[in-house]
Amino acid sequence: MAEARRNPGFGGVFMNGLITENPTFTLMLGMCPTLGVTTAAMNGVSMGLATTFVLVFSNLFISLLRNIIPDKVRIPAYIVIIASFVTMIDLIMQAFLPDLRAVLGTYIQLIVVNCIIFARAESFAAKNPPLLSLADGLGMGLGFTVSITLLSCIRELFGSGSIFGFSVMPEAYQPMAIMNMVPGGFITLGLMMVLVNFIKKALSARKEARA
Amino acid sequence: MFGKQMFPGGVHPHEGVGGKAANQGNAIREMPAPRRVIIPLSMHIGAPARPVVQKGDHVLMGQVIAEAGGFVSAPIHASVSGTVLEIGEAQMPNGAIVRAILIDNDFRDEWVELHPCGHPETLTPAEAQQVIREAGIVGMGGAAFPTAVKLTPAPGKVIEKLILNGAECEPYLTADHRLMLEKAVEIVDGLRLVMLAFGVKDAIIGIEDNKPDAIAAMRAAAKPVDGIRVQALPVRYPQGGEKQLIYALTRRVVPNGGLPLDVGCVVCNVGTMYAIDQAIREGRPLVQRVTTIGGLVQNPGNYLVRIGTPVRHLLDACGGLRAEAKMLVSGGPMMGQAFNNLETPVTKGTSGIIALGADSLDPDEGPCIRCGRCMRACPMKLLPVHMDHFIREFNYNEAERLGVMNCIECGACTYVCPAKRLLTQSFRMGKKVITARRKAAAELAKKEKEEAERERAAREAAEKKEG
Amino acid sequence: MQAKWTIAPAPHVRDNVTSRRIMIDVCLALAPAGIMSIVYFGAAAAGLIAISVLTCVLTEYLYQRLTGAKVTVGDWSAVVTGLLLAYNIPASAPWWIPVVGGVFAILIVKQLFGGIGSNFMNPALTARAVLFISWGSIMGAYPATQLMADTVSGATPLALLAEDASQVNLVDLLIGNCGGVLGETCKIALILGGVYLIVRGIIDWRVPACFIGMVFVCYLFMGGFDLALKEILAGGLMLGAFFMATDYATTPTSVLGRCIMGAGCGLLCFVIRAFANYPEGCSFAILFMNVATPLIDRFTMTKHFGEVKKHG
Amino acid sequence: MSTFLAILVGQILVNNYVMCQFFGICPFLGVSKKFDTALGMGLAVTFVITVASFITWLVQSFVLTPFHLEYLQTIAFILVIAVLVQLVEMALKKLSYSLYQALGVYLPLITTNCVVLAVAINNITDGYNLLESTFSGFCSALGFTLALLLLAGIRERMEVSNMPKWMQGFPGALIMAGLMAVAFMGFGGLI
């Protein structure tokens with residue numbers, strides 16, 4: 001793992017989560033919400049921020065408690081910590097953003113089983129001091145947010161002809177309804193990854209050429 | 001189960017210029033002996049023969065010039081009288097360079113003294129095997145497996161049925177066809193003698209029904225003999241494949257990895273049976289064979305050729321090649337080997353020399369379109385499309401699981417493939433790799449066992465010392 | 001004078017059937033239905049067919065040029081996809097429908113998975129389904145044929161059958177004088193093409209037989225002979241059974257597998273037609289069976305010759 | 001009876017959790033490389049979901065609702081599932097070691113398989129009774145297994161085809177899944 005090799009500071013860990021090990025495009029974690037809620041850009045941002053909230057606090061708390069929690073019961077313990085924060089954000093949303101909560105539906109509750117959170121708890125927060133864990137949570141969370149916002153922008157653009165609810169396509173454009181449905185999600189993300197693979201290949205080729 | 005088709009799968013390969021139609025009317029003619037014969041020492045399956053003559057020796061026709069190199073092997077006889085030029089090399093149709101005895105012909109055709117068998121109808125199995133072995137007879141359909149070995153059943157196995165292969169399913173080839181027409185009596189006689197020697201009550205001669213004259217001739221010859229039946233078979237390649245023929249004639253299925261004897265059958269080519277008859281009745285060893293020269297040659301024909309005659313001599317005798325000829329094949333076009341050295345000699349297994357034109361050159365391979373034609377063409381009911389995909393991905397384990405080792409390399413799948421993929425070639429390669437791996441694994445296991453043995457011995461010795 | 005003789009692995013004779021010839025044969029078999037569609041729907045049909053074929057061929061060509069792959073447009077498979085896609089579009093569709101469909105079919109369904117033979121779903125059908133889901137109002141609007149009486153304009157035979165079988169005239173169904181997408185209306189032309197393919201040995205007769213037979217039997221139990229007969233002649237069943245459920249790359253390779261494919265398509269087609277949202281179940285039925293094809297292949301592997309138990 | 005048929009067809013085809021609702025995508029993409037592992041995962045998931053549906057319904061009906069603790073649903077259910085997975089693992093180890101060897105590796109992954117939690121929550125939201133909940137769980141799991149096996153079959157086939165390099169792995173699997181989802185859309189409105 002990258003964090004074992006060098007000793008990056010707060011910023012390094014943050015950037016690592018945001019770009020180098022972007023949870024969606026590199027680690028391929030948290031696919032269900034990535035695909036499930038990204039029919040509109042607004043949903044993507046909200047889901048991303050909600051996940052970030054949970055990720056930051058669960059990482060922080062798990063890191064704080066990492067020397068107290070016995071190894072044997074660590075998984076149930078993590079789950080309880082994560083589930084508490086998920087319940088918290090769920091109740092907050094129900095109270096202040098009931099419409100959004102209704103759109104995102106079960107996916108908010110399902111943040112608890114989002115493998116990004118679990119994976120970061122297990123592989124980072126359990127081994128690193130609180131501040132770094134916080135940075136990791138923030139980086140990963142925002143990386144996730146950026147990715148799913150991007151995905152939801154594309155899907156909203158083609159599927160509804162708008163971005164964040166603002167119409168951007170010409171009048172004559174007939175929305176491509178399938179982009180709002182399951183196949184559209186899979187295929188758009190797949191194509192984005194093909195593109196990422198392309199770019200990575202081009203970058204590594206350039207790096208090799210320079211070396 | 002497979003209806004009139006007689007065996008699963010199969011194809012109808014088409015023929016070009018100089019095919020069966022052009023050649024089946026040409027009676028067997030004796031090819032004049034060449035100035036020099038090149039007799040390879042390994043033209044059969046098994047160990048190479050060991051030369052027993054030296055450079056400068058004078059040899060007579062039919063004289064043993066090399067003795068069998070093991071149980072699965074065959075002796076080799078001089079096909080001309082003359083002087084041994086050297087023990088040199090020859091290139092075989094498959095490109096391999098093997099040791100060979102070169103003899104300069106003195107054109108006197110002096111035979112050694114022949115010893116016909118005194119009591120041909122009361123031979124014991126052992127005597128018959130000995131006669132056949134000493135005559136150097138191997139399977140003349142192309143595989144060249146020593147016939148005496150084939151006729152030696154493993155303990156507990158009995159030869160119930162003798163099957164004579166007169167299918168000649170390869171396109172272009174007509175040598176067996178002509179032989180059955182012209183030597184029907186001798187072939188049936190040979191078959192009868194073998195049946196008597198091995199106590200076989202039942203023999204079937206399978207002939208594809210595109211040779212009605214041969215069927216009639218063989219039926220006429222077989223009529224006076226009890227227990228011999230001539231069976232017409234539908235035309236379908238590879239009808240002459242051992243397992244396919246056994247199934248078509250007896251409905252018995254040779255188990256995978258097994259031999260025909262596992263189902264009580266022995267299959268012999270008609271040419272082989274003719275050679276056996278010659279060996280028993282006249283004491284003649286195998287020094288010449290009938291070979292078809294077909295395709296794009298000026299005068300196609302069926303010739304009685306001395307073993308060791310270079311192809312160049314054959315082609316010259318047929319008036320040379322036509323200008324369109326692009327490829328030379330030893331054997332039939334489906335399974336034969338393309339070669340480019342005109343000094344390649346005719347061997348005991350050379351059933352034909354075929355010249356093919358530009359349409360036989362390999363077209364570009366396209367991607368597989370999964371049409372499934374290869375699966376329906378495969379006479380072994382394998383799944384060529386899947387095996388090929390695995391082998392090209394170097395996934396030999398999966399290919400092995402799908403049964404690539406049972407591939408008989410008949411070429412039917414490659415023939416039908418619309419994408420022109422070299423399926424058979426892919427399986428040949430896969431089989432080679434898998435065989436090599438098995439061998440390596442066996443050797444490793446053996447080594448480990450030895451190692452363990454040695455360690456144990458050492459430990460015991462040490463214990464003893466301490467004790 | 002040692003001549004240069006070619007060395008190549010056996011066998012040295014090849015059948016003269018090539019992938020290209022197979023595809024050209026399929027195009028030929030599709031031709032009668034195309035001609036009939038132009039007769040029924042006029043220049044709009046011709047235009048859509050041309051755009052669709054052109055898009056498919058061009059997409060394949062450009063993709064292969066851009067990625068440096070071998071250009072294989074010469075094998076005619078893109079033309080087949082283009083034709084099939086066009087046949088699944090109603091005559092009233094705007095020009096961009098076949099363009100979007102063609103790019104999707106060739107680029108995403110076919111080339112991204114490796115081109116001809118590697119795709120696991122029928123490109124034309126998948127594109128049709130995507131278009132249908134996205135622009136249901138365009139794809140689901142079936143204009144009347146030029147020869148049709150005004151009274152029944154618009155409604156497809158399938159929709160009419162769902163209400164009352166006696167509304168549909170059998171002869172109209174057969175000659176194709178009824179609403180529907182371009183290529184599916186004239187059943188006689190489709191059957192002609194299908195029989196041609198069967199005779200030429202290009203498709204396995206078992207697939208259309210199982211497919212159509214299954215739908216027939218299902219409807220026979222549900223609504224009797226008249227309904228069953230009209231159901232198999234209505235909608236895209238003939239087009240699907242002869243030309244799409246027999247697509248090599250996306251259907252099982254074994255004989256038994258192909259029978260299962262046909263029967264499965266028939267059953268699903270019946271279920272979707274009779275009970276689901278979409279009036280036309282044929283495309284989705286075939287697509288679902290395409291998805292199941294690798295599994296069918298897996299479980300219908302034949303035993304080798306010699307693996308069987310000894311016969312008596 | 002018709003309720004059960006509706007649940008059966010609905011959970012397997014029409015509202016397939018993976019193909020129509022985006023649940024359980026991580027194991028769906030992660031464990032579908034080989035048919036055999038996909039089968040093992042499918043069986044393990046089927047077992048866990050069926051039992052989890054049963055228990056979570058009991059928990060909801062006899063603990064959460066009577067004590068007005070509905071807001072603790074997420075915590076309660078996920079704990080039940082986590083404990084259940086642990087118990088199943090231990091039980092399998094004791095009772096059938098061969099089964100444990102076959103399925104054991106997949107069990108820890110199931111805790112974070114959101115299908116399990118989603119099914120449990122949806123059972124309550126849809127107002128199913130105990131039997132319906134259990135049956136719905138079983139059918140959902142079958143639907144998950146079906147999708148998993150279908151994708152595994154396709155991926156095994158693609159392994160030996162000439163798929164371009166940049167499609168191999170996740171991108172290819174995602175697009176395959178997308179095309180599969182197109183096929184599943186045909187079942188819309190079946191119930």
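Lettering of chains follows the sequences in order, A, B, ..., and the numbering in each one begins at 1.
The 12-atom threshold is not exceeded at CZ of D:Phe54, counting heavy atoms of other residues, nucleotides or ligands nearer than 6.0 Å. Heavy atoms from other residues, nucleotides or ligands lying under 6.0 Å from CZ of D:Phe170 number more than 12. Applying the 6.0 Å contact sphere to CZ of D:Phe135 captures more than 12 heavy atoms from other residues, nucleotides or ligands.
In this structure, C:Asn290 CG and D:Leu150 CG are separated by 11.5 Å, a value rounded to the nearest 0.5 Å. Between atom CZ of residue C:Phe132 and atom CE of residue D:Met185 there is a gap of 11.5 Å, rounded to the nearest 0.5 Å. Taken from OG in C:Ser118 to CE in D:Met158, the straight-line distance is 6.5 Å, to the nearest 0.5 Å.
In this structure, chain D has no heavy atom under 4.5 Å from any part of C:Leu125. Of the two parts of C:Asn119, only the backbone, made up of N, CA, C and O, holds a non-hydrogen atom closer than 4.5 Å to a non-hydrogen atom of chain D. Looking at C:Leu112, the atoms closer than 4.5 Å to chain D (heavy atoms on both sides) sit in the backbone and in the side chain alike.
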Please test C:Phe113 against D:Leu179 for side-chain contact (heavy atoms from CB on, under 4.5 Å), starting from the C-alpha separation and ending with a verdict.
-> CA-CA 12 Å; C:Phe113 290 102; D:Leu179 297 181; 3.7 Å; yes
Take C:Leu295 and D:Phe35 through the side-chain contact (heavy atoms from CB on, under 4.5 Å) test and state the conclusion after the steps.
-> CA-CA 9 Å; C:Leu295 293 192; D:Phe35 181 85; 3.3 Å; yes
Begin with the C-alpha distance, continue with both residues' side-chain angles, and end with the deciding distance and a verdict on side-chain contact (heavy atoms from CB on, under 4.5 Å) for C:Thr67 and D:Trp166.
-> CA-CA 11 Å; C:Thr67 54; D:Trp166 52 82; 3.9 Å; yes
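Between D:Leu13 and C:Phe288 there is a side-chain heavy-atom pair separated by less than 4.5 Å.
In terms of heavy atoms, D:Pro164 sits closest to C:Gly114 at CD-N, 3.8 Å.
Checked against the 6.0 Å centroid threshold, C:Phe284 and D:Phe187 do not count as a close aromatic pair.
For chain C, the option among D:Glu156, D:Arg157, D:Gln168, D:Met180 with the highest count of heavy-atom pairs below 4.5 Å is D:Arg157.
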